[in-house]
Each structure stands twice: as structure tokens, then as C-alpha cells.
Amino acid sequence: MAFTASTPIRKFSKTPNMAPTTRSLSFPRVIVEKDTDSEQSSSEEEENDDEERLHDEDEEENGKHSENEGQRIEEESNNKGKTPITISLKKVCKVCKRTGHEAGFKGATYIDCPMKPCFLCKMPGHTTMTCPHRVATEFGVIPASHKNTRNALLYVFERQFKPHIPPIKPAYVIPDQVNCAVIRYHSRRVTCLEFHPTNNRLLLSGDKKGQVGVWDYDKVHEKVVYGNIHSCIVNNMRFSPTNDGMIYAASSDGTISCTDMETGISSPLMNLNPDGWQGPNNWRMLYGMDINPEKHTVFVADNFGFLYLLDTRSNNRSGQAVLIHKKGSKVVGLHCNPLQPDLLLSCGNDHFARIWDIRQLVAGSSLYDLAHRRVVNSAYFSPNSGCKILTTSQDNRIRVWDSIFGNLDSPSREIVHSHDFNRHLTPFRAEWDPKDPSESLAVIGRYISENYNGIALHPIDFIDVSTGQLVAEVIDPNITTISPVNKLHPRDDVLATGSSRSLFIWRPKDDHELAEQKDERKIVICTGTEKKPKHKSKNDDSDDDSDVDKSTLTAKGILLEINSLIVLNFWLHIGGRYMNSYICMHLNPSFLVLVM
DNA sequence: AACGCATGCATCC
DNA sequence: TGGATGCCCTGCGT
């Protein structure tokens, strides 16, 4: 039915002088705006300055042309009652629609529209390229105030802190050399990740479709995905504190589930939509969720601002729903304090993170409200002392409060970091490194791309939140998608990443792997033969074996040894596309052979 | 290679 | 307060 906007433009621009000669007064005048020198036309002059009559009309093509009018064809009211059709061949900025400049990628570098404020810090006067925060993440970071006024939280915090907080910051592990295993696991984008509390190799992943993956990342071929637990987005998952084979998950389908990790057998603990779909104003979705082991309670919150409590012993609702954020707004995050079981942190779309005493959960009774300029994607107490707070807001800022006993009126630091909202991406969340005793290392994916040797890549950033310094950025040339979901391993030097539909595991390379990396192997793909191909130990590119249809490709991947089989998890670049797969194969000292 | 689409939040009135 | 509208670095399928 409708032609695409570019169709008529392309047609006219390619054949500007082929206008048919038949005239028809009934057809309006067609005006073409040529693309004059883009430099000089930066002033917003009359749109018509270079207009030119192309052709006036063509009966048989008449209808077609009318249909072809796309967005770049503007109609103007005309003195003759006919509306001339203006076709713009000028290059127009796709952001502001003005001429004289163009926004978009030039190679791997994104050129900003100069009419818009900085994409990164949102301030006018410079572009994203020249933003001072882009050069130095710690730019403009306000040092923490040393005020340590006693506040109400001190009285809530009855317990002792962990006695040992190291005075000197130990060197945290920064992945200089990382090794990345890749797997396409989900059919929709990944929304959350969770490491198993005791099994070091086990990872949970949830996706937008409601599927839950249980993944041993040393056995990538053993794929377990449960698709019948939830019907849409899995927003948060936790292991049961009393039975680490059980998974709790909160979903936008309005249920919270309890699932046996081994069997996939699941029972919904709560269903907020028992009557099914009653319109968008009635459909409840569950977002933030956390478990308080000491209180035997699952806290879960919905998209209307309400908090629900479930008892983990009976798996039943306990108490009434409490309005903890603005009525009608989404509560996206809940976190129980790791040391003080009476403290709960919530955050949501009303631009607040709030601290609660769960012994007094009544609407409006929050102990503190931490104001943000935009939606708060996440808010976490620090993992060891529970004293600090780290939040991620959609205003492109990470905020840190150094002590919940200090002045909570304003954050100790605001770190400008690119993690903008995009409706097609899972919201970014800065997460603490649970292994860092100084509680200063956090990980978060970056929205904005950087030009890495000609490829636009979106790194995963490690930020020292005590200074705002970017201490590491993790990239892989094969991962060109944005990685909003990141989780650091509670014990190992492992980072799990969810990027679009794929999952990645990053870990520092060991010496063996570094040595192997230098050995540039080639994959020889052999098809159409049952014969074992012969290979020379040198020059394996030479293709003198006529029995074998053989092509040679280089590929990048990770070698795993599983049950004495060599498994290569690899990326192939074929026909302009990257393919990810994992295969078992022979291993030859000089190259890998895959018989298909 | 160039579209089209999925669909959350801010902003406007 | 609520409905309409429009989006800036998406990602994937056609």
C-alpha cells in the first residue's frame, strides 16, 4: 500500500530529466529542492530557495505519484488552488530536520546534531563529543561532604557493623585481559541476571518474554530454559535463602513465582491479575523484588506504587499492600539492607529512592526520600556494610551516598555517565562489586558508543564511585550491542552480561589462554564429504585436496574442554553477519577442523 | 541496504 | 489528571 518515503526521492533524483511531456492541469506542480552546498545553507532560509520545476505532469503516473508522497514531500497552499508538491533533495538532519548539517554515524563515530544539548550530561553549550565528562568521568564530581550528622537511621541501625572495614583500599581486580564466552540463549532481550549463592558456575537469566534460563557457563551446550513460568518480562530474580535450588521471580505478568531450578516446576505465590486482562489501567505488573532472610519475607512491588509482602515459610501473602511510592507509579527496585534487616530501600518512577523501616510500613512513613531528577532505575545498599547507597537514574547520573548516617539531603557524589533511557533497552543499573571490601567499585553498561579502531562499541564500565573515576572499560569487538544488564560474581573474578538476546561471561585470561590467543588458529570448514580431510601442517590455506569442498575462515572464540571433547564457542563473520555457535571438533596442532 | 516494528517515559495541553 | 504525541547512538528481521 504505502510506499516508503525514500522511494519517490530516489526515483526522482536518479532520473531528474526524464519527465514525461504530457501535461495535466489537474496535477499539482512538483517542486524539487536540490541539495545545495550543505555548508552554506546552514542558515534557515526559505525552504524554497533552490526550488526548481521538475515536471508538471503525467496523467497515467498521476495516481502513483500522489501515493508516493512521503514525508519529505511537503504540500503548500498555492494561489492557483492547486497544491504544489515540494520534494526536498536537500540533506536534512534526521534529528532536527534542518539543513546544513547531518547527525548520525560517520563510520564508527556518532556526530551530534548541534541543535541539541549534550547527549551525555544534558547541558547546553557543547556536543557529546566535546563533553568534559566524556574525557574524564570524574569531571565535576562533587567530593563527599564530611558532615556526619546523626540521623534517624542511626537509631534504627541497632546492630554492629561488620567489625572489619579495611582502612586502606585494596586493589580490586580490573579485567585488563578478559576472556569472553558468548552464548545466544534467549529469544528476547535479557532483563536480569543472578548468580547462584553457592554454585560458582551457575547463573540465572531472565528475559522479556518471561523465560528463565539456568546456565552453567562451563557447560554451554547444556541449555536449560524454562518458558512456562512467566508470560512476560521477568524483572527480578532471587534464590531462596533457605533452599538454594528454589528461585523466586517477579514478572510483569503480575505473578511472583517459586520455581525448582532442577525441574522447572513452578508455583505462583501471588497473582495480581486473577481475572486476566481488564485493560491497561487494571493490569498489575511486578517489578522490584528482594528477600529478607531474617524476616522470612519476600518484598515485591508493582507498577502502581504498592509493596506486597510474602512469607517464605508459608508462601502466602502477609499483611496489606502498602503504597510506598507515588500512586500509579512503578516501583522498579527493592533492596534489603545486608546488615540491618529492618531497613528496606525502594526506588521508582516517581524520581525517588526511599528508605523504609519495615516495622513501620505505612504509606508516607519512609525514613528518607532521596530525590532524583528522573526515574530511578536502581538503588542498592552497599554489599558489606550496608552503609552506602548507589543509585542509577535516567538523568545520566550515578549517585552515591557515602553513609546512611550522614546527611542524606543530597548525594555525596553525582557521576555523569551515559546510561540513558531507551524504551527498547532494559534499564541500566549500576551494581556494586560484592567482592570489593572498600565498597567503591561498581559496574554499569554504557549507552554511548566509542570508536574502537573503526568499530562503534558500547563498553561495560567499572567505576570507582568514591572518586568517579573510570577504572576499566570492557569491550569485545564482536559485541556490538549495548549491554545494560551486568552482574559481578559474588566470589570469582567473573562478570556476567546480558546484551540484547545474548549472554556473556567475562573473566581474566589465564596464562594458558593468553598463550593460546597468540596462536592464530584457523577453522577449516569441510562440507560434502565423508572422508577425513587431509591437512598439511603448514599452509593449511592451500586447497589441493580435490575430494573436499573446503573453505577457510578465521574465527574468534573460546576453547573449552568438556568431557575430553574440545568445544569451541566461536563467532564467524560470514557475508557481513556474525554468527555465534559452539561446536565439538578435532583439534590439530595448527588448525581446527570441523566436519559438517 | 533500507525500512518497519516493538512500545516507556516526558511533555504538552 | 489524563490522553495524545514524539522520541538521539536499538536490534533484528525482512
Side-chain angles (χ1 to χ4, degrees), chain A residues 1-11 13-14 68 70-72 92-98 101-122 124 127-129 131 134 184 186-191 207-209 232-233 235 252 279-281 283 285 287 303-304 325-332 348-351 372-377 393-396 417-428 445-452 455-459 478-485 498-502 575-580:
Chain A
M1 166 189 92
F3 283 78
T4 58
S6 62
T7 309
I9 296 161
R10 197 187 301 126
K11 179 180 174 182
S13 63
K14 277 181 181 166
N68 284 358
Q71 63 198 27
R72 307 268 300 271
V92 163
C93 171
K94 66 178 179 185
V95 176
C96 70
K97 310 284 186 267
R98 298 195 206 194
H101 64 268
E102 276 183 281
F105 276 103
K106 281 252 180 338
T109 307
Y110 188 87
I111 308 296
D112 265 16
C113 169
M115 311 309 284
K116 294 280 181 178
C118 171
F119 186 47
L120 177 53
C121 72
K122 316 287 185 193
T127 63
T128 314
M129 282 293 283
C131 179
R134 188 160 186 165
R184 172 67 71 81
H186 289 271
S187 60
R188 290 288 179 273
R189 67 168 206 250
V190 175
T191 53
D207 74 17
K208 191 172 165 287
K209 204 176 168 185
C232 57
I233 312 178
N235 291 305
S252 289
N281 294 333
W283 185 260
M285 301 186 259
Y287 282 84
N303 57 328
F304 289 103
H325 280 263
K326 186 180 164 188
K327 196 168 187 181
S329 76
K330 200 192 280 181
V331 183
V332 289
N349 279 25
D350 63 352
H351 301 191
H372 293 68
R373 280 201 290 278
R374 288 290 158 85
V375 170
V376 190
N377 288 345
S393 171
Q394 289 181 9
D395 64 356
N396 261 358
H417 178 263
S418 171
H419 51 256
D420 258 316
F421 169 76
N422 179 319
R423 65 188 144 159
H424 309 299
L425 300 175
T426 306
F428 291 84
R446 197 192 304 174
Y447 190 122
I448 205 165
S449 68
E450 206 73 56
N451 184 341
Y452 294 92
I455 322 169
L457 298 175
H458 308 266
N478 295 313
I479 303 170
T480 54
T481 49
I482 293 170
S483 306
V485 188
S499 187
S500 187
R501 303 174 183 183
S502 299
R577 301 193 128 197
Y578 278 103
M579 290 170 54
N580 176 245

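Order of the sequence lines fixes the chain letters, A, B, ..., with proteins taken first and strands second; residue numbering starts at 1 for each chain. Hydrogens, waters and symmetry mates are skipped; everything else that's a heavy atom, side chains included, is used.
Side-chain proximity of A/I482 to the nucleotides C/dC9, C/dC7, C/dG11 is greatest for C/dG11. Among the nucleotides B/dC9, B/dT7, C/dC9, the one closest to any side-chain atom of A/R134 is C/dC9. In the set B/dG8, B/dC9, C/dT10, the nucleotide with an atom closest to the side chain of A/V375 is B/dC9. Of all nucleotides listed (C/dG11, B/dT7, B/dC9), B/dT7 comes nearest to the side chain of A/K208. Side-chain proximity of A/T481 to the nucleotides C/dG11, C/dC8, B/dC9 is greatest for C/dG11.
Taking a cutoff of 4.0 Å between a charged side-chain nitrogen and a carboxylate oxygen, A/D350 and A/K327 do not qualify as a salt bridge. Between A/K106 and A/E102 there is no salt bridge, since no side-chain nitrogen of the basic residue lies less than 4.0 Å from a carboxylate oxygen of the acidic one.
Using modelled atom types and a 3.5 Å distance limit, the side chains of A/D207 and A/T191 yield no donor-acceptor pair. Under the 3.5 Å distance criterion, with hydrogens and angles disregarded, no donor-acceptor pair is assigned to the side chains of A/T128 and A/R134. Of the N and O atoms on the side chains of A/S500 and A/T481, not one donor lies less than 3.5 Å from an acceptor on the other residue.
The side chain of A/N349 contributes an N or O atom lying less than 4.0 Å from OP1 or OP2 of B/dC9. Distances shown here put a side-chain N or O of A/K330 below 4.0 Å from the OP1 or OP2 atom of B/dC9. The phosphate of C/dG13 (OP1 or OP2) has a side-chain N or O of A/R501 nearer than 4.0 angstrom. The side chain of A/S500 places an N or O atom within less than 4.0 Å of a non-bridging phosphate oxygen (OP1 or OP2) of C/dC12. Distances shorter than 4.0 Å separate some side-chain N or O of A/R374 from OP1 or OP2 on B/dT11. Applying the 4.0 Å criterion to OP1 and OP2 of B/dA10, one finds that A/H351 has a side-chain N or O inside that range.
For the pair A/Y447 OH and C/dC8 P, the computed distance is 10 Å after rounding to whole Å. Between the P atom of B/dA10 and the CG atom of A/N422 lies a distance of 13 Å, rounded to the nearest Å. Counting to the nearest Å, the C1' atom of C/dC8 and the CZ atom of A/R446 are 17 Å from each other. Going from atom NE2 of A/H419 over to atom P of B/dC9 covers 15 Å, rounded to whole Å. What separates CG of A/L425 from P of C/dC8 is a distance of 15 Å, to the nearest Å. Rounded to whole angstrom, the span from the OH atom of A/Y452 across to the C1' atom of C/dC9 amounts to 14 Å. Look at CG on A/N396: it is 15 Å from C1' on B/dA10, rounded to the nearest Å. Rounded to whole Å, atom C1' of C/dC8 lies 5 Å from atom CZ of A/F119.
The C1' atoms of C/dC9 and B/dT11 are separated by 22 Å, rounded to the nearest whole Å.
Stacking between A/H424 and B/dA6 is present: the aromatic ring centre lies within less than 5.5 angstrom of the base six-membered ring centre, and the two planes differ by under 30 degrees.
For the pair A/H101/A/P114, a side-chain contact is recorded, criterion being any heavy-atom separation below 4.5 Å from C-beta on.
Shortest non-hydrogen contact noted between A/Y110 and A/G104 is CE1-CA, 3.5 Å. Summarising the geometry of A/I448 relative to A/S418, their closest heavy-atom pair is N-OG, 3.0 Å, with the distance given to 0.1 Å.
Secondary structure note: stems in DNA chain B built from 3 or more consecutive Watson-Crick or G-U wobble pairs under 3.5 Å occupy B:2-6 with C:10-14, B:8-13 with C:2-7.
Among the atoms of the strands shown, base atoms are found under 4.0 Å from some heavy atom of A/P117.
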